[in-house]
Amino acid sequence: MAERELDVLVIGGGVVGAGTALDAVTRGLSTGLVEARDWASGTSSRSSKLIHGGLRYLEMLDFALVREALKERGLLLERIAPHLVKPVPFLYPLQHKVWERWYAGTGVAMYDAMSISSGHGRGLPAHRHLSRSRALRVAPCLKKDALVGALQYYDAQMDDARYVTTLVRTAAAYGAAVANRARVIGFLREGERVVGARVQDVEAGGEYEVRARQVVNATGVWTDDTQGLINERGQFHVRASKGIHLVVPKDRIHSTTGLILRTEKSVLFVIPWGRHWIVGTTDTDWDLDKAHPAASSADIDYLLEHVNAVLATPLTRDDVEGVYAGLRPLLAGESDATSKLSREHTVAHPVPGMVVVAGGKYTTYRVMAKDAVDEAVHGLTGSTPGGSWGRVAECVTEDIPLVGAEGYKALWNARAHTAARTGLHVARIEHLLNRYGSLAEEVLALITDDPSLGAPLAAADDYLRAEVVYACTHEGARHLDDVLTRRTRISIETFDRGTRSAREAAELMAGALGWDEDQIEREVEHYEKRVEAERESQRQPDDLTADAARLGAPDIVPR
């Protein structure tokens with residue numbers, strides 16, 4: 001990136017930044033993307049993992065946002081990432097016999113109709129009305145007196161961190177230069193204009209000047225901090241809202257469908273997640289450490305109390321395998337309640353050469369990216385009237401499948417043959433296809449070269465040893481935390497939070513990254529301290545004490 005001036009430099013490796021880099025490079029613009037930590041290490045790995053229109057925004061009469069999100073949901077399911085985005089059913093229990101069925105039924109019918117009218121919504125089943133007895137057959141976990149009937153409808157879900165990694169790889173495949181562990185520490189200025197950034201190589205040390213005709217700030221909850229580096233906070237501010245989620249084993253909730261429950265503040269989801277359930281989320285203001293938001297004991301109690309209100313067999317603390325907390329970047333408005341702040345996004349050009357994009361929701365990342373690049377292109381064409389920049393192409397990402405999408409359906413149909421060819425069980429092949437799509441063949445090639453990589457991790461047998469190696473060789477993982485927390489989800493899917501897998505994973509990473517024994521020990525020790533700090537934070541009564549406990553394990557610092 002430092003060798004020549006870029007057209008666009010994107011700061012922030014979450015879903016919006018990665019999407020922006022893909023949008024820019026597929027318009028023919030020379031593009032760079034930098035991320036201070038790991039891909040998706042902030043908000044974009046800690047979401048509810050849903051791709052959805054947002055039924056509650058329909059209730060708020062925000063029809064435009066819902067319509068936009070439903071179109072994106074359809075595009076992701078059908079064209080852009082069918083290997084990563086999957087349909088998921090939800091049951092909405094009704095507690096009032098007549099008016100609620102009419103009221104909620106009208107809303108869900110409108111939801112389905114808006115999806116179909118977008119032209120990309122015919123792949124999901126239509127909603128249906130259920131009697132109480134039918135609802136209890138679908139979800140026997142519910143108390144009989146918790147509902148008088150139910151509605152069932154469909155949305156979609158994905159592994160959010162894996163999706164971002166795939167976005168980054170797609171951008172790189174089209175020619176974008178991408179670097180994680182690359183922190184922006186200042187901006188280059190010529191007069192008022194921003195002409196690039198000073199970037200620190202966090203791993204190897206050293207600083208680089210990366211010059212760019214347009215810089216896009218896509219740093220989410222860090223937006224104001226990034227703007228502060230040029231002493232310019234911009235025309236809007238971003239507030240952080242904390243949402244926490246619990247992960248519990250599949251057998252703790254007896255249901256064939258996800259659940260959506262109304263709370264006094266918002267809604268609560270119980271989401272199928274492989275051999276687990278995700279229960280979330282909360283919505284509270286957060287002004288403490290942004291890198292490692294902490295879940296307190298009060299947060300966990302809140303979720304357990306609300307989900308247990310409808311479960312025949314209550315969940316306890318002992319049922320909780322994993323806990324994670326994330327921060328939503330909300331546009332600050334007049335309301336003090338974060339649940340009322342806008343989930344719509346804003347793009348601005350606060351100073352020449354700098355575009356800021358903020359707000360929004362995961363599902364509409366592609367629209368946010370398009371708007372950000374449109375604004376950057378306006379800056380490019382405006383700076384050279386009548387020049388070559390007048391021919392910058394329109395956005396094409398609506399028609400760009402992510403890497404792994406092409407050929408996925410054919411490979412899925414042939415999964416039994418692939419299992420026979422490789423000697424792996426067909427369930428393993430399905431797992432790989434749903435995580436890597438057609439790139440699963442690259443993972444299988446590692447196993448062909450070293451058959452020991454075809455075995456599962458001893459303490460996390462959902463994942464093959466090859467996946468740990470592949471995370472380092474193909475997906476930019478640099479540290480143990482990257483693999484156990486984001487390339488896989490072992491950190492939230494096992495009761496030990498990944499500590500029993502840490503040494504095996506670190507030894508596999510060592511071969512790919514050239515670690516010596518000292519580095520293996522440092523990585524394992526750091527990961528164990530991180531897990532203990534998180535556990536300690538979750539025993540604390542409030543945000544302040546939870547934050548202090550979590551900060552007891554700082555990020556690992558390379559030697």
Side-chain angles (χ1 to χ4, degrees), residues 48-56 58-59 73 86-113 115 121 123-157 244-282 300-322 493:
S48 296
K49 310 188 191 325
L50 292 177
I51 296 293
H52 63 135
L55 268 177
R56 71 189 183 106
L58 197 60
E59 191 173 30
R73 185 189 70 177
K86 305 294 178 182
V88 60
F90 284 101
L91 190 77
Y92 176 66
L94 300 170
Q95 297 177 320
H96 305 279
K97 284 190 175 179
V98 179
W99 72 264
E100 190 181 18
R101 186 177 289 278
W102 175 85
Y103 177 76
T106 300
V108 175
M110 187 180 301
Y111 197 67
D112 282 353
S115 173
L124 294 179
H127 76 283
R128 59 179 183 154
H129 287 259
L130 303 178
S131 64
R132 177 163 66 180
S133 60
R134 287 186 67 194
L136 289 171
R137 285 199 294 271
V138 171
C141 61
L142 294 173
K143 293 177 182 176
K144 290 183 179 179
D145 61 358
L147 71 164
V148 298
L151 294 167
Q152 189 174 46
Y153 73 99
Y154 278 77
D155 258 319
Q157 69 176 162
I244 83 147
H245 296 79
L246 310 179
V247 182
V248 300
K250 196 77 169 179
D251 63 4
R252 301 305 198 270
I253 300 175
H254 188 196
S255 177
T256 60
T257 179
L259 305 173
I260 177 172
L261 312 170
R262 185 181 292 278
T263 71
E264 67 275 11
K265 294 180 181 178
S266 182
V267 294
L268 187 74
F269 287 101
V270 179
I271 306 163
W273 181 254
R275 295 199 290 174
H276 317 268
W277 297 96
I278 293 175
V279 180
T281 179
T282 58
I300 296 170
D301 287 342
Y302 173 88
L303 289 181
L304 290 176
E305 176 188 347
H306 281 77
V307 74
N308 284 340
V310 301
L311 293 182
T313 304
L315 297 174
T316 70
R317 288 286 187 114
D318 291 340
D319 295 320
V320 177
E321 292 174 287
E493 292 176 349

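Scope of the values below: all heavy atoms of this structure, side chains included, with no hydrogens, waters or symmetry mates. Quick caveat: nothing in here was measured; it's all calculated off a predicted structure.
A donor-acceptor contact closer than 3.5 angstrom links the side chains of E493 and W273.
In this structure, the separation between OH on Y154 and CZ on R128 is 7.0 Å, given to the nearest 0.5 Å. Atoms CD and OG, on Q157 and S48 in that order, are 11.0 Å from each other to the nearest 0.5 Å. Interatomic distance, OG1 of T281 versus CZ of F269, reported as 10.0 Å (0.5 Å rounding). Here CG of L130 is found 7.5 Å from CG of L151. Values are rounded to the nearest 0.5 Å. Summarising the geometry, atom CD belonging to Q95 is positioned 9.5 Å from atom CZ belonging to R262; distances are rounded to the nearest 0.5 Å. Here the straight-line distance linking atom CD of E321 with atom CZ of R275 works out to 9.0 Å at 0.5 Å rounding.
With hydrogens and angles disregarded, no donor-acceptor distance shorter than 3.5 Å links the side chain of W277 to the backbone of P272. Side-chain N or O atoms of T256 include one that pairs as donor or acceptor with a backbone N or O of V138 at under 3.5 Å.
L50 is not listed as a side-chain neighbour of D155, based on a closest heavy-atom distance of 4.5 Å or more. Contact of the Q152 side chain with the Y92 side chain is not registered, since no non-hydrogen atoms from C-beta on lie closer than 4.5 Å. For the pair R132/L94, no side-chain contact is recorded, criterion being any heavy-atom separation below 4.5 Å from C-beta on. Between L91 and L142 the shortest side-chain heavy-atom distance falls below 4.5 Å. For the pair L246/D319, no side-chain contact is recorded, criterion being any heavy-atom separation below 4.5 Å from C-beta on. Looking at R73 and L124, their side chains come closer than 4.5 Å, going by heavy atoms from C-beta outward. With a 4.5 Å cut-off on side-chain heavy atoms, N308 and L315 count as touching. Taking 4.5 Å as the limit, every side-chain heavy atom of Y153 sits out of range of all side-chain heavy atoms of P89.
Each of L259, L261, T282 was checked for a side chain to side chain contact (heavy atoms under 4.5 Å, CB included) with L268, and the lone residue meeting it is L261.
Here the closest heavy-atom approach between residue P140 and residue S255 is recorded as CD-CA, 4.2 Å. Looking at every heavy atom in both residues, I260 comes nearest to V267 through CG1-CB, 4.3 Å.
Sequence neighbours left out, the pairs with a member in residues 133-144 that pass side-chain hydrogen bond (donor to acceptor under 3.5 Å, both in side chains) are S131-S133.
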Verdict with supporting geometry, L147 and V310, side-chain contact (heavy atoms from CB on, under 4.5 Å): CA-CA 8 Å; L147 71 164; V310 301; over 6 Å; no
F90 vs I271, test: side-chain contact (heavy atoms from CB on, under 4.5 Å). Steps then yes/no. CA-CA 8 Å; F90 284 101; I271 306 163; 4.0 Å; yes
Quick one, D301 with R317, criterion salt bridge (charged side-chain N to carboxylate O under 4.0 Å, His left out). Give me CA distance, side-chain angles, the key distance, then yes/no. CA-CA 9 Å; D301 287 342; R317 288 286 187 114; 3.0 Å; yes
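Around the CH2 atom of W102, the shell of radius 6.0 Å holds no more than 12 heavy atoms that belong to other residues, nucleotides or ligands. Within a 6.0 Å sphere centred on NE2 of H96, other residues, nucleotides and ligands contribute more than 12 heavy atoms.
Ring planes of Y302 and H306: tilted class, angle from 30 to 60°.
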